[in-house]
2 protein chains.
Amino acid sequence: MRPQFLYEKNLQGVANSVKRKQEQYRKIVRHLYYNGAASIAEIVKAVKISQPLVASLVDDLMSYGMLLDKGVGESIGGRRPNLFCLNSEYQYVIGVDINLHTLNLAVFDLSNKQIFREEIKYFDLENSNDYLNSLVDKIESMISQLGISREKFLAVGISIPGLVDAKQGLSHTHLSVAENGLARVLGDRLGINVLLDNDARTMALGEKAFGKAIDKENVLCLNLSNGIGLGMILNGELHSGKNGFAGEFGHILIDPEGKLCYCGKIGCLETLTSGKILVKNIREAVDKGQPTLLANYKKENKKIDLRAVVEAILQGDQFAIDQLNQMCEYLGKGLVTLIHLLNPEMVIIGGKIAHAGKFVIDPVTMSMNKYAMSRISSETELVCSDLLDDSALMGTMANVMRSVLSLD
Amino acid sequence: MRPQFLYEKNLQGVANSVKRKQEQYRKIVRHLYYNGAASIAEIVKAVKISQPLVASLVDDLMSYGMLLDKGVGESIGGRRPNLFCLNSEYQYVIGVDINLHTLNLAVFDLSNKQIFREEIKYFDLENSNDYLNSLVDKIESMISQLGISREKFLAVGISIPGLVDAKQGLSHTHLSVAENGLARVLGDRLGINVLLDNDARTMALGEKAFGKAIDKENVLCLNLSNGIGLGMILNGELHSGKNGFAGEFGHILIDPEGKLCYCGKIGCLETLTSGKILVKNIREAVDKGQPTLLANYKKENKKIDLRAVVEAILQGDQFAIDQLNQMCEYLGKGLVTLIHLLNPEMVIIGGKIAHAGKFVIDPVTMSMNKYAMSRISSETELVCSDLLDDSALMGTMANVMRSVLSLD
DNA sequence: ATTCTTTTATAATTTTTTTTAAAAGTATTC
DNA sequence: GAATACTTTTAAAAAAAATTATAAAAGAAT
């Protein structure tokens with residue numbers, strides 16, 4: 001059987017029996033992917049297929065090389081079970097995390113291990129065929145470097161900032177040079193299926209699959225870097241809205257008397273809270289002689305960027321902390337709107353600012369206490385991401401596996 | 001077979017074969033309920049069960065009296081199909097729409113027809129056992145009046161304002177005298193299963209099942225009466241949040257310099273837009289001698305309430321229209337936040353103010369044009385409800401059927 | 001009137017499950 | 001520490017369920 005069999009859904013002109021068998025295989029693979037090694041008995045309970053049938057399906061998958069016999073496991077008072085697990089080298093997934101100035105690449109095996117990881121700095125995102133070409137080149141060279149045959153790659157998962165229509169595989173904000181849609185163009189050139197989504201949503205998927213949102217049903221993930229992104233898990237599912245435009249948290253109204261936003265509106269959250277503004281404010285203050293650790297950066301001719309600011313905060317820089325606190329007041333205001341509307345069980349802060357840990361969590365919590373109806377907000381936990389810079393990349397893997405292993 | 005068989009999910013100690021059969025029956029009933037009469041061939045396609053099996057299942061359901069043979073239907077170029085439909089008198093659903101001052105009761109048959117309907121005015125909602133008793137009395141007298149045996153009632157669906165935890169059957173804001181939870185208390189006393197939800201969410205379910213949200217996946221339903229309620233259909237499912245507190249649209253921040261809200265916060269949307277405020281403002285203006293049709297109400301010693309205001313607007317009363325316009329500006333601001341966050345395909349305005357039709361739609365549209373990013377808002381249709389005062393009641397029926405006929 | 005479609009019924013086959021039994025342990029008792 | 005009773009897992013046989021294939025029925029189109 002071709003490894004791709006999992007991918008082929010809604011097959012037409014194929015007997016129903018074949019589809020049903022595929023679905024059965026998928027259920028088993030799905031359970032092993034999400035829950036790790038399991039015995040026949042455990043699989044039976046999980047997938048609701050009878051034991052003789054599960055045994056025979058597992059046999060099949062073993063003979064295809066997709067499953068491995070892990071030997072006998074611990075008993076709970078009887079015969080020891082035979083454990084089976086996914087052959088993590090049976091297939092691979094390519095993860096591509098596109099940022100404005102950096103490109104992160106990874107190859108995952110079926111145990112979610114990164115068997116390859118590369119961070120390419122100064123890889124500036126621009127809407128040109130040159131960019132597309134070098135993106136493809138980078139991926140191609142990674143593939144040939146690994147020496148894994150193309151058929152072994154289940155899909156390429158891509159995370160990209162801006163407006164994205166995941167269903168159609170379109171990136172509206174960036175790389176619109178890809179005429180037939182970014183997903184299709186890249187897919188055609190690489191000869192591998194491509195799955196696209198917005199960075200904040202990909203992060204949310206990463207958190208749901210591998211981070212703090214595991215087993216949670218209603219979780220909001222903030223991507224706090226230079227801008228503000230929002231990915232939402234609602235009723236256990238990623239919410240993208242009609243066109244994939246959901247999550248424009250940065251452009252909700254916070255201050256009607258505020259500043260003009262680049263989007264044309266007045267008083268958007270992003271005019272008050274964002275990494276960009278934080279850096280800008282601090283740079284201006286440094287120029288005016290504000291005492292802060294970051295002043296040294298300037299003296300040493302190092303760039304004051306968001307990373308530097310967070311570093312200073314972690315070193316206890318009073319001024320930078322104060323600046324962050326001010327932003328968090330506004331951010332909290334915005335979050336309260338979200339919480340009132342969506343009643344999530346958890347809010348996860350990710351992105352570069354998440355490195356600041358309690359220095360973000362505490363002031364945002366304070367702001368929420370002030371502005372939120374406590375009956376609602378007390379049900380919501382506010383935390384920083386564990387995955388941090390890896391969450392989007394991990395999310396691409398989660399997105400691919402979610403898509404491939406989805407039932408129905 | 002007992003009619004209640006559809007209701008019994010997650011049965012324990014029952015053979016898998018029985019559960020599977022139940023699921024098959026449910027699929028067929030579900031299709032017939034949602035799509036009306038169908039031939040065996042149509043059912044086969046819809047439920048993905050083979051034709052001989054569907055035929056035998058339909059036979060079974062006919063023998064139980066749940067399905068009726070509707071005779072032959074139109075042909076599309078071959079033998080005419082035998083059509084089957086639900087026996088609409090096989091079971092009934094009781095709908096209860098609790099409002100602050102009015103109680104709406106209905107009994108639905110399986111074709112969604114209201115075979116009984118009663119509007120009880122001046123039935124003021126208060127947190128007392130007296131209220132509970134008279135509620136039960138009203139329902140009981142309706143049942144006995146109809147002369148339908150209790151077993152024939154599939155469930156009671158209830159719509160109630162305020163914070164509701166539908167999963168647990170709890171009403172937090174109103175009727176907290178019901179100690180074990182409103183749903184259980186009423187269920188025990190009536191001897192019929194009770195399904196509870198918040199009024200705005202029930203309306204959303206009504207719109208999704210019977211109104212303008214049919215076939216839409218992401219729809220927001222506003223309940224504009226004295227307060228502001230919000231029910232959300234996201235990814236095709238009702239969104240309730242972790243505790244059922246989602247939808248507190250009235251308490252999102254709109255004006256940081258604004259007035260104190262009764263919730264303790266400053267500048268909530270409800271301090272700027274709500275039927276209550278509208279009426280209050282108009283009353284004050286009338287007292288000050290403002291020329292308006294509503295001034296006559298006062299002279300005639302009639303009460304100026306929301307209904308009167310809407311009537312005046314529909315008669316073209318310039319002042320009332322102007323007051324509504326002002327509110328709609330704020331409402332539009334709030335809606336923009338929703339649209340930016342959730343990217344819905346439609347926003348439906350319901351509640352008493354929905355009777356104003358274009359007098360609400362037009363100013364809100366204008367406000368949205370002003371405050372929203374057009375790329376996103378242009379994907380969202382803004383309409384008034386068709387169901388109007390019936391939407392919550394219809395929603396209770398939809399809620400019951402959704403729950404009973406849900407797969408898995 | 002004949003051919004073609006579509007629907008329904010029946011028979012044959014396949015798939016899946018239930019049942020039963022065997023295998024391989026653990027826990028307990030003497 | 002061996003013997004026995006009890007559990008859990010797996011395998012095989014028997015039974016049931018569901019599907020596919022086929023045929024018949026009923027009407028439409030030509």
Side-chain angles (χ1 to χ4, degrees), chain A residues 1 11-28 31-32 35-63 67-85 407, chain B residues 1 11-28 31-32 35-63 67-85 407:
Chain A
M1 197 198 305
L11 292 166
Q12 288 187 332
V14 170
N16 271 339
S17 58
V18 174
K19 288 189 201 164
R20 198 168 51 240
K21 187 119 293 188
Q22 229 185 39
E23 186 94 4
Q24 292 168 338
Y25 286 137
R26 206 182 296 141
K27 278 185 185 170
I28 293 176
H31 182 255
L32 293 177
N35 302 82
S39 67
I40 299 285
E42 282 167 349
I43 299 174
V44 165
K45 272 178 209 154
V47 303
K48 292 180 183 172
I49 300 176
S50 71
Q51 172 259 317
L53 182 51
V54 167
S56 110
L57 293 167
V58 166
D59 265 4
D60 294 348
L61 288 170
M62 296 257 292
S63 74
L67 259 50
L68 293 179
D69 191 331
K70 258 196 96 179
V72 291
E74 282 308 289
S75 157
I76 45 170
R79 174 172 167 179
R80 285 185 162 182
N82 253 325
L83 295 183
F84 301 90
C85 67
L407 308 173
Chain B
M1 196 197 309
L11 292 165
Q12 289 187 330
V14 170
N16 271 338
S17 58
V18 175
K19 287 188 202 164
R20 198 169 48 242
K21 186 121 292 188
Q22 230 186 36
E23 185 93 4
Q24 291 167 340
Y25 286 137
R26 206 182 297 140
K27 278 185 186 170
I28 292 176
H31 183 255
L32 293 177
N35 303 82
S39 66
I40 298 285
E42 282 167 350
I43 299 174
V44 166
K45 273 179 209 154
V47 303
K48 292 180 184 173
I49 300 176
S50 72
Q51 172 258 318
L53 182 51
V54 167
S56 111
L57 293 166
V58 166
D59 265 3
D60 293 350
L61 288 169
M62 296 257 291
S63 74
L67 260 49
L68 293 178
D69 191 331
K70 258 195 96 179
V72 290
E74 281 309 289
S75 157
I76 44 170
R79 175 172 167 180
R80 284 183 163 185
N82 252 326
L83 296 182
F84 301 90
C85 67
L407 308 173

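Any value given below was found using the heavy atoms of this structure, including those in side chains, with hydrogens, waters and symmetry copies removed. Chain identifiers are assigned alphabetically (A, B, ...) following the order of the sequence lines, protein sequences preceding nucleic acid strands; residue numbering begins at 1 within each chain. Predicted model, so just to flag it, every value in this text is computed and none were measured.
In this structure, B:Arg26 pairs ionically with B:Glu23, as a charged nitrogen and a carboxylate oxygen lie closer than 4.0 Å.
As rounded to whole Å, 12 Å separates atom C1' of C:dA23 from atom CG of A:Asn82. Spacing between atom CD of A:Glu23 and atom C1' of C:dT15 amounts to 16 Å, rounded to whole angstrom units. A straight line from CD of B:Glu74 to P of C:dT6 spans 15 Å, rounded to a whole angstrom. The interatomic distance linking B:Met62 (CE) with C:dT8 (P) rounds to 12 Å, in whole Å. Distance, B:Asp59 CG to C:dT7 P: 18 Å, rounded to whole Å. When the P atom of D:dT19 is taken as reference, atom CG of B:Leu57 falls 9 Å away, rounded to whole Å. Spacing between atom CG of B:Asp60 and atom C1' of D:dA17 amounts to 13 Å, rounded to whole angstrom units. If you measure from atom CD1 of B:Ile40 to atom P of C:dT10, you get 13 Å, rounded to the nearest angstrom.
Both A:Leu53 and A:Gly78 lie close to DNA chain C; mapped to their nearest nucleotides by heavy-atom distance, the more 5′-ward contact belongs to A:Leu53. Between A:Val72 and B:Leu83, the one whose closest nucleotide on DNA chain C sits nearer the 5' end is B:Leu83.
Residue B:Lys21 places at least one side-chain N or O closer than 4.0 Å to OP1 or OP2 of D:dA18. The phosphate of C:dT5 has neither OP1 nor OP2 within less than 4.0 Å of any side-chain N or O from B:Arg80. Between B:Lys48 and D:dA18 there is no side-chain N or O to OP1 or OP2 distance below 4.0 Å. For C:dT16, the OP1/OP2 oxygens have a side-chain nitrogen or oxygen of A:Arg20 closer than 4.0 Å. A sub-4.0 Å separation between OP1 or OP2 of C:dT16 and a side-chain N or O of A:Gln51 is absent.
In the set D:dT19, C:dT6, D:dA12, D:dT19 carries the atom at the smallest distance from any side-chain atom of B:Pro52.
Taking the side chain as every heavy atom from C-beta outward, B:Val72 and B:Asn82 approach each other to under 4.5 Å.
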Derivation of the side-chain contact (heavy atoms from CB on, under 4.5 Å) call for B:Ile43 and B:Leu32: CA-CA 8 Å; B:Ile43 299 174; B:Leu32 293 177; 4.2 Å; yes

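No donor-acceptor contact under 3.5 Å links the side chain of B:Arg79 to the base of C:dT6.
Within 4.0 Å (heavy atoms only), B:Gln24 reaches sugar-phosphate atoms of the nucleic acid but no base atom.
In this structure, A:Phe84 CZ and A:Leu68 CG are separated by 10.5 Å, a value rounded to the nearest 0.5 Å.
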